[in-house]
Each structure stands twice: as structure tokens, then as C-alpha cells.
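Letters A, B, ... mirror the listed sequences (proteins, then strands); counts begin at 1. Only this structure's heavy atoms are used, side chains among them; waters, hydrogens and symmetry mates stay out.
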Protein chains: 2
Amino acid sequence: MQKIVPNISVDCVIFGFDFKQLNVLLVERKLQDEKTGETLIDDWTLTGYHIFEDEDFDTAAARILKGLSGLDNIYLEQFYAFGKVSRVDSPKDNIWLKHQHEGFSSRIVTVGYYSLIDNSTVTLQLQERNVKWFSITDLPELGFDHQEILNKALEKLRSKLRSEPIGFELLPEKFTLSQLQKLYEAILGTTYDRRNFRKKVLQMKYIIPLNEKQKAVKHKPAQLFIFSRDVYERTKRERFDFSI
Amino acid sequence: MQKIVPNISVDCVIFGFDFKQLNVLLVERKLQDEKTGETLIDDWTLTGYHIFEDEDFDTAAARILKGLSGLDNIYLEQFYAFGKVSRVDSPKDNIWLKHQHEGFSSRIVTVGYYSLIDNSTVTLQLQERNVKWFSITDLPELGFDHQEILNKALEKLRSKLRSEPIGFELLPEKFTLSQLQKLYEAILGTTYDRRNFRKKVLQMKYIIPLNEKQKAVKHKPAQLFIFSRDVYERTKRERFDFSI
DNA sequence: TGTTAGTGTGTGAAATTTACACATTGTAAA
DNA sequence: TTTACAATGTGTAAATTTCACACACTAACA
């Protein structure tokens with residue numbers, strides 16, 4: 001059994017895309033009074049855990065994600081560290097932490113990672129806890145300061161999506177241009193003209209058309225594409241928004 | 001006297017611009033053997049310190065910066081948290097930490113902030129330590145993992161500079177377009193055509209020309225401009241690089 | 001009064017962005 | 001088998017942005 005670092009944790013914001021919405025994975029936090037049966041806490045949190053003494057941040061994040069999904073090699077990006085003294089301070093949070101009595105420190109600092117997974121295939125679970133996908137446009141009440149953490153994760157994800165090809169991590173290997181467009185629209189909260197989007201994407205040589213079409217759809221099947229990181233790395237050029 | 005958190009620190013990467021180069025402020029780390037006088041350590045580090053028990057990350061970063069400059073309200077941005085188990089591991093680092101004997105933990109995690117200041121005016125100092133500006137193109141040997149931290153800071157600064165108007169933090173309030181151009185060139189490592197740069201900047205309404213010219217220069221004095229964050233916030237539009 | 005060093009300005013070609021409408025394809029239901 | 005449905009796939013013209021490029025101007029100083 002490894003020793004945990006009592007005052008440092010890692011929280012994972014796990015994003016998934018179902019071809020319609022951007023979703024985030026949350027774990028239910030439920031606590032009932034042992035005697036009266038009264039519901040003391042019933043809300044949702046991100047998944048996180050303390051780091052071990054001999055463990056890097058990245059490793060801890062990957063461990064947490066693996067515990068939930070069984071998957072390795074998932075896209076993970078550290079986006080912010082949260083260190084406010086008062087970040088875990090509500091009565092509910094204190095009841096919960098006391099109940100866990102794992103020797104947590106009173107002042108816990110957390111490092112946020114977001115992770116992008118194709119949630120059309122995987123189903124995630126955590127032993128004995130209720131785990132569920134929520135659309136980012138329709139979130140339940142969140143425990144701790146996890147609403148703030150999620151907001152920051154979204155902000156950083158959006159910013160990164162604007163300048164780097166990370167959206168593909170949320171799609172299956174083979175995807176259609178409409179799926180890609182919906183992904184960008186869902187995350188950035190805009191809409192694009194289909195023809196213009198298509199024109200733009202098709203001139204990117206690292207988005208490669210396949211001789212293959214969608215199957216089992218009840219309409220005209222669309223052409224499938226893959227993203228080549230290889231071609232991307234070789235051909236990318238530093239664009240300068242110059243948004244000063 | 002406040003108690004420090006033994007395993008968490010904040011490190012500040014302090015950037016300055018002298019109208020030619022992007023510079024970073026470093027503190028000399030020098031240690032001589034008390035008996036033999038032999039130089040055990042002689043290199044440079046970023047400025048950092050442990051956080052206090054009742055202190056937020058942001059507050060700690062501001063405190064460190066204030067200790068060095070006497071200044072408040074300096075631009076500070078958290079850019080990454082460093083948590084590798086082996087991040088402070090070299091013989092030199094261990095000698096240094098032992099010598100400090102302030103009860104530091106063996107595993108120290110640090111949160112990186114970068115700060116942008118106009119170094120044409122301020123001179124910084126730290127009591128009893130040698131403090132110096134270094135061009136980022138000509139750095140000395142750095143202690144701990146500070147080279148890695150600096151690299152990350154630069155990467156994040158560059159990325160942010162491409163999409164947000166933070167460059168002005170490195171300039172005096174009134175600046176010329178050439179100064180602005182050199183700033184961008186120094187940080188991003190490119191060059192721009194003067195006419196095109198000027199054209200681009202002048203169509204940004206939040207860069208406002210003054211009825212005032214440079215003084216005490218031995219050539220044709222240039223017009224001065226100010227940046228209006230106010231106008232920027234009102235008129236900015238989300239540009240979409242779409243660099244997928 | 002000439003030299004120096006950096007400022008300030010315009011145009012045309014090429015590339016990119018934007019707005020916009022209709023025919024096509026496969027599935028499923030009538 | 002026919003029809004309705006739902007989503008795919010495609011082109012053009014106008015507007016805007018990007019890019020390359022050279023010479024006259026001004027203050028200070030010698």
C-alpha cells in the first residue's frame with residue numbers, strides 16, 4: 001500500500017462527445033445519516049484522488065482515469081492548479097471529508113487535468129459509486145469547488161481547440177465531417193456553414209479521406225476521414241492570430 | 001511568523017522587455033564550503049518560495065513578486081504545476097536544500113507563474129542575493145528543474161501572446177509601434193514587415209494613437225500609442241484559427 | 001549642413017473568408 | 001414500389017485579409 005500525500009490531489013475533468021453534445025463525467029456523492037436515514041449530501045463531483053508519495057502528477061491523473069475506464073493512453077492535459085485556502089469549505093464538503101476519514105489534510109491543493117475520450121464506445125464505471133455523463137449545458141449541483149474547476153477546464157479546452165488539433169481525441173478514429181463540425185460547434189458554442197467548414201477542412205492535408213462510408217445510418221451515408229498527426233506535425237505552420 | 005506548507009512552493013518566471021530582447025530575472029545561487037572555501041554551487045534560479053498555510057497560490061506569487069520589486073498589481077499568470085517526483089534531485093540541489101535547513105520536505109511540488117513587467121523603469125533586488133536580467137537567448141546554467149519551468153513558461157507565454165493582448169504589460173503605458181513590433185518579434189522569434197504590421201495594428205481600435213511623440217531620441221521621434229483594455233473587451237471577437 | 005538612425009506611407013496580386021440554394025443518396029414507412 | 005425523410009455533397013461571386021515591396025521624411029548630432 002502506497003502512502004498518499006495528504007495535501008495534494010489530482011482531479012480529472014473527463015470530457016466525452018456523443019455526436020451531439022459535449023459531456024462531462026461525474027460521480028455521485030451521496031451520504032445518508034446512519035441513524036435517521038436523512039439525506040445529508042446528494043450532489044455530484046469530478047473524479048479525483050490524492051497523489052501517492054512516489055507518483056508524478058501525470059501518473060496520478062492516468063491512474064485515476066484508468067481506474068474509471070480501464071483505458072491507457074487517453075489524452076490528458078494538465079490545465080490549472082487550484083490552491084485557494086477556502087476551496088473546500090462548505091458544510092457539505094466538511095461532512096463528506098470527515099466521513100471519509102482517510103487522514104486528509106485540512107488544506108488540500110488540487111491539480112486539474114482534462115481528458116478527452118470517445119464516449120461512443122467506452123462505458124465508464126467506478127465501484128460502488130454512481131457514475132454518469134452530463135451535458136455541459138445541463139449540469140447538476142457540483143460538490144467542492146468543482147464547478148469552478150470545470151469552468152476553467154472548459155475555458156482551457158476551448159482555447160486549445162482553437163489552435164491545436166485535439167478535437168479528434170473525442171471522435172472515433174474514423175469520423176465524418178459533419179461529426180467534426182458538430183464537435184466544434186458543441187465545444188465552442190457556435191455554428192458554421194457546412195460548405196465553408198468542409199472547404200476549410202478539406203484543404204488540411206492531415207485530414208485524410210478514406211474509401212469508406214458510414215454504415216447503419218438511416219440516411220445517405222457520409223464519407224469517413226481520419227486525422228493524421230504525422231502529417232499534421234510535418235505541415236503545420238504557426239498561425240498568428242495577432243488578437244492583440 | 002506564518003507557517004509554511006513544507007511540500008508546496010510557487011515559482012515566478014519574471015519576464016521583462018528592454019525594447020530589444022525578452023529577458024528573464026534570475027537569482028544567483030552560490031555556495032562555498034565553509035572550511036576550504038571551495039565553490040560548491042554557482043548557478044542561477046528563478047525566484048520562488050513556499051506558500052504559507054493560509055495563503056492562496058495567487059497571493060503567494062504576488063508576495064514573492066512584491067518582495068523582489070516592491071510592486072503590486074503586476075501581471076501574473078499561473079501557467080503550470082510541476083510535480084515530478086524527481087524534479088529536485090541533482091547533487092547540487094540536495095546540497096543547497098540541506099544548507100537551507102528550513103525543514104523542507106523531500107518531495108516539493110511547485111506551481112509556476114509568469115509575470116510580465118516593464119523593465120525599462122523598475123530595478124529589482126533581493127536582499128543579500130545577486131539578481132540579474134538575462135536575455136532568454138543567452139541563459140546561464142539553471143539550478144533545480146528551472147530550465148524546464150522556464151521553457152514551459154515561454155511556451156505558454158508565446159501561445160497566450162498569439163491570442164490575447166498581454167504584450168502591453170511588458171511595455172510602458174505609452175509606446176511606439178516599433179517597440180510593439182520588436183516585442184512580438186522578440187517573444188515569437190520571427191520578424192514582420194513594418195508596413196504590414198502597422199496596417200494590422202492600426203485597424204485595432206483598442207490601440208489608440210496619442211497626440212504625442214517620443215522624446216530624447218536621436219532620430220525622428222515616433223508617435224506614441226496606448227492600449228485600451230476597455231475598448232478591447234468591448235470590441236474583441238473570437239477568432240478561430242481552426243488550426244486543426 | 002551633411003550624416004545618421006529610425007519613422008511613416010500605398011499599391012497590386014494572391015489567398016482567404018463569407019454568404020448562399022439545390023440536387024443526391026440510402027433507409028424506412030406507407 | 002413508391003414516397004417521405006434526413007442528412008450528404010457541391011460552386012460561385014463579393015468582400016476582406018494577407019503579403020511583398022521602396023522611398024521620402026524628420027530630428028539630433030557632429
| said: Mind checking if A/T176 touches a base, just sugar-phosphate, or nothing, with heavy atoms under 4.0 Å? | reply: nothing
| remark: For A/T235, the side chain to side chain contact (heavy atoms under 4.5 Å, CB included) test, sequence neighbours excluded, returns A/Y206, A/V231
| request: With sequence neighbours excluded, tell me which residues meet ring-ring contact (aromatic ring centres under 6.0 Å, His included) with B/F175. | output: B/F168
| request: Mind jotting down which residue pairs meet the salt bridge (charged side-chain N to carboxylate O under 4.0 Å, His left out) criterion with at least one end in residues 57-80 of chain B? Sequence neighbours excluded, please. | output: B/E55-B/R63, B/K66-B/D72, B/E77-B/K160
| query | Where along nucleotides 22-30 of chain D does protein come under 4.0 Å, by heavy atom, of base (B) or sugar-phosphate alone (S), with - for untouched nucleotides? | reply | B--BBBS--
| said: Whole angstroms only, please: what is the NZ-P distance between A/K182 and D/dA6? | reply: 13 Å
Pairs of donor and acceptor atoms involving the side chains of residues 129-136 of chain B, under 3.5 Å and at least two apart or interchain, shall be tabulated with distances.
residue, atom, partner, partner atom, Å
B/R129, NE, B/E28, O, 3.0
B/R129, NH2, B/E28, O, 3.0
B/N130, ND2, B/E28, OE1, 3.0
B/S135, OG, B/Q21, OE1, 2.9
B/S135, OG, B/T137, N, 3.0
B/S135, OG, B/T137, OG1, 2.7

| For C/dT7, does OP1 or OP2 lie under 4.0 Å from any side-chain N or O of B/S178? | yes
| message | Give me each pair satisfying salt bridge (charged side-chain N to carboxylate O under 4.0 Å, His left out) with a member in residues 140-157 of chain A, each pair once, sequence neighbours excluded. | response | A/K84-A/E148, A/R87-A/D145, A/K92-A/E141
| query | For A/D193 and A/Q179, take the nucleotide of DNA chain D holding the closest heavy atom to each; which residue's nucleotide lies nearer the 5' end? | reply | A/Q179
| query | To the nearest Å, how far apart are A/K200 NZ and C/dA15 P? | reply | 17 Å
| note | In whole angstroms, the gap separating C1' of C/dT7 from CG of B/L177 amounts to 10 Å
| request: Could you check how far CD of A/Q214 sits from P of C/dT27, rounded to whole Å? | output: 11 Å
| task | Send over the distance from B/L202 CG to D/dT17 C1', rounded to a whole Å. | result | 15 Å
| field | Between C/dT18 (P) and A/Q203 (CD): distance, integer Å | value | 12 Å
| field | is_close_aromatic(A/F225, A/F227), centroid dist under 6.0 Å | value | no
| task | Enumerate the residue pairs fulfilling side chain to side chain donor-acceptor pair (under 3.5 Å) with a member in residues 165-180 of chain B, sequence neighbours excluded, ordered by first and then second residue. | result | B/K174-B/E212
| query | Of all residues at least two apart in sequence or in a different chain, which pass the side chain to side chain contact (heavy atoms under 4.5 Å, CB included) check with B/V13? | reply | B/F15, B/V24, B/L46, B/F79, B/Y114, B/I149, B/L150, B/A153
| request: Could you tell me how the ring of B/H146 sits relative to the ring of B/F144: parallel (under 30°), tilted (30 to 60°) or perpendicular (over 60°)? | output: tilted
Identify each atom pair where a protein N or O and an N or O of nucleotides 12-16 of chain D are less than 3.5 Å apart, giving names and distance.
residue, atom, partner, partner atom, Å
D/dT12, O4, A/K199, NZ, 3.0

| query | B/F19 CZ to C/dG6 C1': how many Å, rounded? | reply | 15 Å
| query | Across the strands shown, which category fits A/Q223 at heavy-atom distances under 4.0 angstrom: base, sugar-phosphate, nothing? | reply | sugar-phosphate
| field | Spacing between B/F225 atom CZ and C/dT7 atom C1', to the nearest angstrom | value | 11 Å
| query | Considering only side-chain heavy atoms of B/R198, which listed nucleotide, D/dT10, C/dG8, D/dT18, is closest? | reply | C/dG8
